[in-house]
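Data first, discussion second: the structure below is written as structure tokens.
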Number of protein chains: 2
Amino acid sequence: MDEETDGIPRNRSAARDVDATDRKILGVLVDDATISYADLGDRVGLSPPAAHERVKRLRRSGAIRSTAAIIDPKAVKKPLLAFVHIDTKGWGKTPELMAVSEYPEVEEIHSVAGDTCMLLKVRTEDTRALEGLLSRLYETPGVTSTRSYVVLSTYLERPVQPGITTEWPTPRHMAQPLY
Amino acid sequence: MDEETDGIPRNRSAARDVDATDRKILGVLVDDATISYADLGDRVGLSPPAAHERVKRLRRSGAIRSTAAIIDPKAVKKPLLAFVHIDTKGWGKTPELMAVSEYPEVEEIHSVAGDTCMLLKVRTEDTRALEGLLSRLYETPGVTSTRSYVVLSTYLERPVQPGITTEWPTPRHMAQPLY
DNA sequence: CATAATGACCGTATGAAATTCAGCATCAAC
DNA sequence: GTTGATGCTGAATTTCATACGGTCATTATG
């Protein structure tokens, strides 16, 4: 069925895996999603309706999560980028985590394997705003310490690329992939 | 003029700053850039051509960098996310940095203020591919050490939000913003 | 082997949306 | 008051998305 339980959208029904043409399409749309289906079809060797059909399927299957405008952080007065480690007492989707996700300055929240900490990516207007955010984070129940790494400059920032990952030999000390 | 020297696209001509209506538009387009100008106009209180004009301006000024399909990393076989610190001998856009940016697994490259290191965000298919990437990074000239933080799970991952950053009081020990 | 069913595609047609354009209101500078 | 710039509206036009019917290749089935 094409349903969802408990509010979490799951992998839709016939999520046939992404083939070479699909990857080409994704590659084009990651660069520019405003392209017409006619041009997209030209780029990947399909008629406009066929290209359209593919894209619809990629949307339905969830391979294309959304189509979004990519905003320049400077234009919206958030030029200061920092990564923040917050040490936490425990794991998981605790209430304090929800509080952290409420801050609009917080772009990403990851939990790190093998450590009781969360890694945040935050953007603020200036160091003062960052300082304020860090204070609030430090006062959050469950947060035992914070360390922040201010980014001096960013050399590369690109979306997930649909290209094929090259195969590389397994290091000798690893017999099996753990993941 | 609306020019660029030395290949770096600079802030275009009359990059008049983003007003409240523009921020509303950006907020809508970050969520869903497939919306029609008619609907967009409804949402922000403008006629379709006026909304269109605004969006064109935001594109020209660079506030909207691009419009992109957001891809599910799992769909393109890159479910493993990790942050990698590479310690480097020096700073800046050195040749080895260029080499690092060639790897398709590397999504972001940041230099960290106050440290001779780079912070990378990488996505791979599995731990084997990550291990291979780390080996290659370690063998890169200029890289003296690598530390990787594998992400166990991600709780939040959202684009730059055009909302207004709340003002917070300056901590008592800081008289002036440094940035 | 023959036949039916399925899936992916193409070409065409039509309705919807993007885009252009002329005209009007507002505001600042002179 | 006049002029020019800016940003909007509504109508007109053109482009594009999208639905539909038909074809072909592949695969399952009698």
Side-chain angles (χ1 to χ4, degrees), chain A residues 1-2 11-72 75-77 162 164, chain B residues 1-3 10-72 75-77 162 164:
Chain A
M1 297 288 285
D2 200 348
N11 282 342
R12 300 315 177 88
S13 52
R16 198 179 38 278
D17 63 337
V18 169
D19 68 9
T21 305
D22 288 330
R23 266 197 299 275
K24 270 196 241 174
I25 289 174
L26 293 177
V28 172
L29 293 185
V30 162
D31 267 357
D32 177 17
T34 66
I35 192 174
S36 72
Y37 289 115
D39 288 346
L40 176 61
D42 279 347
R43 294 275 294 274
V44 303
L46 287 174
S47 71
H52 184 209
E53 190 57 42
R54 291 265 192 169
V55 173
K56 269 198 296 185
R57 200 177 58 207
L58 289 167
R59 285 187 202 284
R60 254 183 293 119
S61 73
I64 297 177
R65 282 180 174 166
S66 65
T67 299
I70 309 298
I71 309 299
D72 179 2
V76 295
K77 297 281 160 51
I164 301 160
Chain B
M1 298 290 283
D2 199 352
E3 298 297 322
R10 61 182 61 261
N11 282 342
R12 299 316 177 87
S13 52
R16 196 178 40 278
D17 62 338
V18 169
D19 67 11
T21 304
D22 287 331
R23 266 197 299 276
K24 270 197 242 174
I25 289 174
L26 293 177
V28 172
L29 293 185
V30 161
D31 267 356
D32 175 17
T34 66
I35 192 173
S36 72
Y37 289 116
D39 289 346
L40 176 62
D42 278 348
R43 294 275 294 274
V44 304
L46 288 174
S47 70
H52 183 210
E53 190 57 43
R54 291 267 190 167
V55 173
K56 269 198 297 186
R57 200 175 61 208
L58 289 168
R59 285 188 201 283
R60 255 184 293 120
S61 74
I64 298 178
R65 282 180 174 166
S66 67
T67 299
I70 308 298
I71 308 298
D72 180 2
V76 294
K77 296 283 160 49
I164 301 159

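FYI, side chains are in, hydrogens and waters are out, and symmetry mates aren't considered; it's all heavy atoms of this structure. Lettering follows sequence order; numbering is per chain, from 1. Source: prediction; values computed, not measured.
Atom OH of Y37(A) and atom P of dT14(C) are 22 Å apart (whole Å). As rounded to whole Å, 5 Å separates atom P of dA8(C) from atom CZ of R57(A). Between the CZ atom of R60(B) and the P atom of dT19(C) there is a distance of 13 Å, given to the nearest Å. Regarding D42(A), its CG atom lies at a distance of 11 Å from the P atom of dC10(C), rounded to whole Å.
Between D72(B) and G62(A), the closest heavy-atom pair is CB-O, 3.4 Å. Across V18(B) and A63(B), no two heavy atoms sit closer than the pair CG2-CB, 4.4 Å. Here the closest non-hydrogen pair linking I25(B) and R54(B) is CD1-CB, 3.5 Å. Among all heavy-atom pairs drawn from V28(A) and R43(A), the shortest one is CG2-NH2, 3.7 Å. Minimum interatomic distance between A68(A) and V30(B) (heavy atoms only, all atoms of both residues): CB-O, 3.3 Å.
Atoms OG1 and CG, from T21(B) and L26(B) in turn, are 11.0 Å apart once rounded to the nearest 0.5 Å. Here the CG-CD1 distance, from L58(B) to I64(B), works out to 4.5 Å after rounding to the nearest 0.5 Å.
With a heavy-atom cut-off of 4.0 Å to chain B, the contacted part of DNA chain D has its first and last nucleotide at dG7(D) to dA11(D).
For the segment residues 47-55 of chain B, the set of residues with a heavy atom within less than 4.0 Å of an atom of DNA chain C comprises P49(B), H52(B), in numerical order.
Between the side chain of D22(A) and the backbone N or O of D19(A) there is at least one donor-acceptor pair closer than 3.5 Å.
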